[in-house]
Each structure stands twice: as structure tokens, then as C-alpha cells.
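Structure record follows, encoded as C-alpha cells.
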Amino acid sequence: MNAPNEETAANAKEVLQSDVPAPTEVPVAGDEKYLHGLKPSWPVAADLASSNLPCHLEGEISDLIVYGEIGKEIKGTFYRVMCDPFLPPDPNNVPLDGDGNISAFRFHDGRVDMKMRYIETEWYKLERKANRSLFGLYRNPYTHHPCVRAVVDSTANTNLVYWAEHLLALKEVALPYAVDPQTLETRGYDPFGSQVKSKTFTAHPKVDHFTNELVVFGYEAKGLVTRDVVTYTRDRCGKVVDELWLEAPWASFIHDYIITPNWLVLLCWPFETSLACCEAKKHHWAWNYDWNATFIVVLRRKGTPLPAGWKQGETRYYEWKNCMPIHTAGGWEDGDRTIYLESSRVHGNTFPFFPSDDGRLPSPGTRADFVRWELDLSAPTGSSIPDPKIILDLPSEFPRTDERFITK
């Protein structure tokens, strides 16, 4: 049989193309368009498109295709958690609240196997049973369906840490969900029980490998929009020691922190919230251009010798300017009166979905860098701190260090 000539091939291509309708130019959101003019069942939004498309996968894949080689000496599991909404979310919600989905990549003999499962939170189970969205805006129960307003509204989608035989799936609005590290089955909520009367648990707990301890804090710890903060340590078995309660200067957004052998430093972003705001069914957070980034210094252990001028149980806070020190790389002490810490920094609000009350959005030209802060513990609470040292004059988000040497 003779191969088709170029003219025949061109005619066939033209016929085939004529049967495929071109996508209809229907603008929807920005530059997004409906494919072939067909409206999707999910909302068209930037946080549900491109690399943020929902994955919707649970299952296992053996012997993944590897480009290059993996040393046979590498043996272990890399865990990943991602924001992966199972059902179309509230169109007004922010891209922080999709259901948590865990991937386990198991390395052995130069090969990698993968397993993926949703974390079966109360949120996930109730929405899947109803086959519809029941939860409204991030951290605002007044926007949820009345039947779920008393439910823990955590999607457990932010971070994972292995501690006391549990793989903990974390989101700072609530306590951890425990997941079986082998099967990825969800074991349940709050695996450590009621040792601490806190409603929240940080998404970024710190492991001190020198003392084999997990150092934890929670903000809005006594409930919605409260100023209460708790810090404590869990030993290798999960038992709580060194529990301390304090009040933040305001009901603030406290996402990350650093630990040293004797101190914690909590980083407060200049967002504000109130019960009236939540009752009005607004977003939980609003940026305040008049407030400063604030560093709360908390003693890590009871009985630790205090710097001159400090009282037992005292906390102090120090301020810089209006900015977002987002994630930390680490911190250390220099003598008994100075703490250094390093973090990413954005010169303004990096969350356009939480604008200020007057609707001002972040400037497109907002700068970001990586800096080293210096805190003088002899200064009185409320003092301003000097400008940080710029370590890297580039956007430097999610810094990582060798966590075996944290606190040093």
C-alpha cells in the first residue's frame, strides 16, 4: 500500500480540523475563557487553574518514571500535603481552604512508589456526604451552613510533622489530625487529647533535635478572634511540659516563629479581625496600614534564669514597620540579652484576598527580601527595633535550613 502524498495528507488534515469546533471566545475571569464555550461545573478562578488545578486523585502508583538516577542508598519516605478542594468551594473564599491531600513518595532500591489520599477531616466527610459546599469563608463560621457551624472547620492542608508515632496534618485554625504514616488513613482529630485547653495548633511546629522536643504555640487559642496565645513543649511521647498562656497585643495573625534554647519569638502580621467583622460575614482578616509587624518574645522554659529587668512569666513585644515577615529560617541567642532571627520579608500585604477595610489592594511593585532581625531583650516592651540586615535582596519565600541544627 502506497503512503499518502502530501496533497492527500493536507486534505485529510483539513477535513479532520473542520470537525473540531474552535474554542469560543467567551471571556469569563480576566483572560480565562470557557473551553469550546462550555461552562464548567467549577468556578473559574486563578486559584483553581493552571498549576492550582484540583488533583482529585486517591490511589497508588508503583515505580514512578525517574529522569536520571536515584542512589540505591536513599531509603525513606517524603511526605507532601497540598490544598486540593474535593468540591467546588464558596466562590468568595480564599485559596487557603481546600481539602488536605497527602502524597507519600517511598524511596527504595533506586525506585519511587507514590500513594495519595485525602485527609478525612470533618469538613471533607460532611461535604462529600452532602455533595455540596457547606463551609463559607476562611475562619468565619457565620458564613458556614447552619448545620456545620459547630464543626471543626480545619482542612488540615498546610503542613505535616511526624511526632510521637503520629503523622500530624496541620492547619493553624484548629488542632492536628493524625494520619497513619504507612496507609495514610486518617486516625482522628486531636491525637494527644485534652492536655492543653487550646483550640488551635500552629502549622509550623519546631523540632528541637538537641532536646528531642516539639515546641508548639496556638493563637486565638480560646476561640474565635480572642487574643489568647499558648506556648508549650511536647516530649518524645507527646506529653506536655512548660505550658504558658499570654495575650497578644491584639487579635493578630501569627503564622510562624523561631525557637532558641531559652526563647520563642512569635511573628505577628499587621492584620486585624473582630467578632463584628465575622458576624457581618466579612473575611476574617483585613490588613491595617497603620499597624507594625510585631515580635512577641516568650520564655520557653519555666525556671530559666531571666535577663536583668525581666520578671517570671513576663513577655515582651517589639515592633518594626508595616510589613509581613512571612516564614522564618531560624534564630539564635547572643549572650543573655540579644536574639537574632532570619525571615522572608514583604514590604506590605502579600495577601490581596485580605485587603484593608477601605479596599486598598497591595501595590504590584511591593518589594520582598530575606533579612536578619536583631532583638534587644533589655529594651522595654513596645520598643521599636532597628532596620534588619538584608541577607538576600530577592524574594525569598519558604526558607529552609538544616533542621538538625535549629536553635543554634
Side-chain angles (χ1 to χ4, degrees), residues 172 202 204 217 219-221 225-229 231 244-260 262-274 285-300 306-311 313-351 354-358 360 362-363 366-391 396 399:
E172 64 201 56
T202 175
H204 294 294
F217 83 96
Y219 70 99
E220 293 189 53
V225 306
T226 62
R227 293 170 54 194
D228 302 283
V229 178
T231 69
L244 175 69
W245 286 83
L246 60 135
E247 283 195 346
W250 72 94
S252 53
F253 202 152
I254 312 175
H255 182 64
D256 204 1
Y257 64 123
I258 61 99
I259 63 170
T260 70
N262 296 301
W263 303 94
L264 291 81
V265 181
L266 313 178
L267 279 59
C268 303
W269 299 341
F271 289 94
E272 59 182 329
T273 187
S274 69
W285 297 114
W287 184 262
N288 190 319
Y289 286 93
D290 296 324
W291 289 359
N292 295 327
T294 300
F295 302 81
I296 304 177
V297 181
V298 184
L299 196 66
R300 178 172 161 182
L306 297 172
W310 279 69
K311 298 178 182 178
E314 181 181 4
T315 62
R316 296 187 183 184
Y317 69 89
Y318 302 101
E319 300 180 354
W320 192 64
K321 301 172 185 177
N322 187 260
C323 76
M324 261 180 101
I326 304 179
H327 289 104
T328 63
W332 63 96
E333 302 171 15
D334 186 3
D336 64 355
R337 55 171 284 176
T338 305
I339 296 176
Y340 292 99
L341 64 142
E342 295 180 343
S343 77
S344 58
R345 175 182 63 169
V346 176
H347 293 263
N349 179 11
T350 196
F351 286 168
F354 292 143
S356 60
D357 276 340
D358 61 11
R360 277 185 289 171
S363 167
T366 299
R367 292 180 54 249
D369 50 21
F370 182 79
V371 298
R372 179 177 301 160
W373 307 90
E374 179 180 348
L375 307 180
D376 180 358
L377 303 189
S378 66
T381 190
S383 299
S384 296
I385 63 174
D387 292 346
K389 179 181 179 180
I390 297 175
I391 304 299
S396 307

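Just so you know, these numbers use all the heavy atoms, side chains as well, and skip hydrogens, waters and symmetry mates.
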Which heavy atom in [X] sits nearest to a heavy atom in [Y], and how many Å separate them?
X: Glu314; Y: Trp310; answer: OE1-CA, 3.3 Å
X: Trp263; Y: Arg300; answer: N-CB, 3.7 Å
X: Arg360; Y: Pro355; answer: O-CB, 3.5 Å
X: Thr226; Y: Ala251; answer: O-CB, 4.0 Å
X: Phe295; Y: Pro325; answer: CZ-CG, 4.4 Å
X: Ile254; Y: Phe217; answer: O-CZ, 3.3 Å

Mark yes or no for whether [X], through its side chain, and [Y], through its backbone, hold a donor-acceptor pair below 3.5 Å.
X: Arg316; Y: Leu377; result: yes
X: Glu220; Y: Val225; result: yes
X: Glu333; Y: Asn262; result: yes
X: Asn322; Y: Pro270; result: no
X: Arg227; Y: Ala248; result: yes
X: Thr260; Y: Ile258; result: no
X: Ser343; Y: Ile326; result: no
X: Arg337; Y: Ala308; result: no

Does the side chain of [X] reach to within under 4.5 Å of the side chain of [Y], using non-hydrogen atoms?
X: Ile296; Y: Pro249; answer: yes
X: Glu272; Y: Asp357; answer: yes
X: Glu247; Y: Thr315; answer: no
X: Arg345; Y: Pro388; answer: yes

Separation between [atom1] of [X] and [atom2] of [Y], rounded to the nearest 0.5 Å:
X: Leu266; Y: Tyr257; atom1: CG; atom2: OH; value: 8.5 Å
X: Asp369; Y: Cys323; atom1: CG; atom2: SG; value: 9.0 Å
X: Asp256; Y: Leu267; atom1: CG; atom2: CG; value: 7.0 Å
X: Cys268; Y: Phe253; atom1: SG; atom2: CZ; value: 11.5 Å
X: Trp373; Y: Leu375; atom1: CH2; atom2: CG; value: 9.5 Å

Apply side-chain contact (heavy atoms from CB on, under 4.5 Å) to Ser396 and list each qualifying residue two or more places apart in sequence or on a separate chain.
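Once residues adjacent in sequence are excluded, the partners of Ser396 under the side-chain contact (heavy atoms from CB on, under 4.5 Å) criterion are Phe370, Leu392, Leu394.
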
Worked verdict on Phe351 versus Trp285 for side-chain contact (heavy atoms from CB on, under 4.5 Å)
CA-CA 10 Å; Phe351 286 168; Trp285 297 114; over 6 Å; no

Donor-acceptor pair between Ser378 and Asp376 side chains, under 3.5 angstrom
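There is such a pair between these side chains.
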
When the ring planes of His327 and His204 are compared, do they come out parallel, tilted or perpendicular, using 30° and 60° as the limits?
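Judged by the thresholds at 30° and 60°, the geometry between His327 and His204 is perpendicular.
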
As a test of understanding, state which of Trp287, Tyr219, Trp250 forms a ring pair (Phe, Tyr, Trp, His ring centres under 6.0 Å) with Phe271.
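For Phe271, the ring pair (Phe, Tyr, Trp, His ring centres under 6.0 Å) check succeeds only for Trp287.
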
